[in-house]
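In what follows, every chain begins at residue 1, and chains take the letters A, B, ... in the order their sequences are listed. Atom set for the values below is all heavy atoms of this structure, side chains included, hydrogens, waters and symmetry mates excluded.
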Protein chains: 2
Amino acid sequence: MANLHSAIELFPTPDHDHHSCAASILEAAERICAERRVRLTEKRRQVLEIIAKSHTAAGAYEILEKMAGPKGRPAPVIVYRALDFLMAQGFVHRLASLNAFIACANPQSDHGSQFLICRDCRAVMEFSNPTLGKAIHEGAQAASFSVDATMVEVSGLCAACARAQHE
Amino acid sequence: MANLHSAIELFPTPDHDHHSCAASILEAAERICAERRVRLTEKRRQVLEIIAKSHTAAGAYEILEKMAGPKGRPAPVIVYRALDFLMAQGFVHRLASLNAFIACANPQSDHGSQFLICRDCRAVMEFSNPTLGKAIHEGAQAASFSVDATMVEVSGLCAACARAQHE
DNA sequence: GCAACAATTGTTATTGTATAACATTTTATG
DNA sequence: CATAAAATGTTATACAATAACAATTGTTGC
């Protein structure tokens with residue numbers, strides 16, 4: 001998760017080392033699950049790994065395809081149950097505007113979900129702007145509305161794709 | 001659309017006169033369509049009316065049910081095409097987190113979509129907080145991200161439902 | 001009016017997203 | 001090791017959205 005000032009450096013570029021971030025995500029998940037005494041079972045681990053390794057948001061059926069073994073792919077409910085667990089633990093976020101899922105870059109801290117989503121390359125940057133969070137909570141409070149969850153999804157063009165379009 | 005300071009008054013209460021807001025929404029839509037020289041055809045009008053009369057966000061198939069005549073309900077594509085038109089004209093917003101649709105309270109002004117959604121009664125309040133919009137744009141700019149559309153959907157409990165739960 | 005074209009609607013089929021209900025297996029606990 | 005809880009397997013279905021093409025309706029210029 002990036003704060004806004006370093007955002008420009010942190011938007012995932014096509015060539016960054018995604019394998020190592022996937023590894024650290026899995027490691028962190030294992031540690032946190034041990035702490036919380038919940039089980040990161042094989043299926044759950046498998047789903048998290050697929051999502052973490054993906055450069056872009058992954059749809060549930062895309063994940064299913066990648067889970068396919070010699071006997072074909074598992075039933076959809078398998079992946080949805082794993083996703084439910086992973087989301088409950090904060091390891092994965094759901095992007096409502098894409099019906100897709102991405103690994104959380106910072107699963108420790110409980111935070112609102114705020115995303116920049118490139119419509120071209122589908123890269124996703126999670127960010128956390130305190131001003132934004134505060135504005136939402138103030139707005140809710142003014143309406144006597146008690147907030148459970150906030151969804152902020154901004155779609156547009158990432159810098160790399162914008163450059164590519166101008167060529 | 002409410003600004004934040006008057007939000008508390010404007011969150012739709014269970015007993016407000018929704019019929020009259022539906023009427024004024026339809027009237028406005030007719031006027032705007034005439035101005036723009038686009039056609040508010042029977043199907044489109046019908047879909048808008050159903051959405052406008054609904055106290056809560058309406059799913060596409062819920063709308064279909066309400067469109068059903070003696071010959072059964074129309075094909076899904078009918079309602080989706082009407083929704084495409086109504087969204088293009090700014091009369092209806094889509095709530096990504098619910099896969100549902102609500103009438104826009106202020107179709108004139110072009111604005112980002114910001115919603116408070118009660119998880120209990122499914123009432124929806126559209127609001128517009130300039131601070132929030134600004135924070136999003138600043139964040140995007142810091143990431144050299146050019147924004148097409150922003151979605152802010154806050155789910156929680158509205159004041160009425162919160163009161164009801166404490167009883 | 002009417003030919004030509006554009007916009008809208010109708011029809012059928014299909015793809016994608018997600019959950020329900022219930023059976024079976026695996027894991028934790030006394 | 002018996003039992004309960006958690007997780008997975010299986011089958012079926014509901015809900016969401018679009019594709020492809022045909023038929024109809026509306027608009028425009030002649």
Less than 4.5 Å apart, side chain to side chain, heavy atoms only: is that true for A:T150 and B:E153? no

Establish, with yes or no, whether the OP1 or OP2 oxygen of C:dT19 is under 4.0 angstrom from a side-chain nitrogen or oxygen of A:Y80. no

Which whole-number value in Å describes the distance from A:L98 CG to C:dT17 C1'? 13 Å

Separation of C:dG10 atom C1' from B:K43 atom NZ, nearest Å, is 9 Å

To the nearest 0.5 Å, what is the distance between CZ on B:F115 and CG on B:L95? 5.5 Å

Within the side chain of B:R36, is there an N or O that forms a donor-acceptor pair under 3.5 Å with the backbone of B:Q89? yes

For B:R81 and for B:R94, locate the closest nucleotide of DNA chain D by heavy-atom distance; then report the residue assigned to the nucleotide nearer the 5' terminus. B:R94

Please report, rounded to the nearest Å, how far the P atom of C:dT9 is from the CG atom of B:L40. 10 Å

In whole Å, I'd like the distance from the CD atom of B:E42 to the C1' atom of C:dT8. 13 Å

Rounded to whole angstroms, how far apart are CG on A:L83 and C1' on D:dA7? 15 Å

B:F85 and B:R39: which non-hydrogen atoms are nearest, and at how many Å? CZ-O, 3.5 Å

Axis-to-axis angle between the two ends of the helix from C:dG1-D:dC30 to C:dG30-D:dC1 (five base pairs per end, rounded to 10 degrees): 30°

For A:R73 and C:dA18, give me the distance from atom CZ to atom P, rounded to whole Å. 14 Å

Roughly, in whole Å, what's the span from CD1 in B:I78 to C1' in C:dT8? 9 Å

Positions of residues 57-70 of chain B (non-hydrogen atom under 4.0 Å from DNA chain D), listed by number: B:Y61

Can you confirm whether B:L26 sits close enough to B:L48 that some side-chain heavy atom of one is under 4.5 Å from a side-chain heavy atom of the other? yes

Using 0.5 Å steps for rounding, measure from the SG atom of B:C33 to the CG atom of B:L86. 8.0 Å

Between C:dG10, C:dT11, C:dA18, which nucleotide has the shortest distance from any of its atoms to the side chain of B:A75? C:dT11

Does the pair A:R31/A:E35 count as a salt bridge with the N-to-O cut at 4.0 Å? yes

Taking the side chain of B:R39 as its heavy atoms from C-beta onward, which of C:dT11, D:dT10, D:dG26 lies nearest to it? D:dG26

With nearest nucleotides of DNA chain C determined for B:T41 and A:N99 from heavy-atom distances, which residue corresponds to the more 5′ nucleotide? B:T41

In terms of side-chain heavy atoms of A:R44, which of C:dT9, C:dT19, D:dA7 is nearest? D:dA7

For atom CZ of A:R37 and atom C1' of D:dA5, their distance in whole Å: 18 Å

Go through the steps for B:S97 and B:S155 under the test side-chain contact (heavy atoms from CB on, under 4.5 Å), then give the verdict. CA-CA 9 Å; B:S97 61; B:S155 69; over 6 Å; no

Table please: side-chain donor-acceptor pairs of residues 65-79 of chain A below 3.5 Å, with sequence neighbours left out.
from, atom 1, to, atom 2, distance (Å)
A:E65, OE2, A:R73, NH1, 2.6

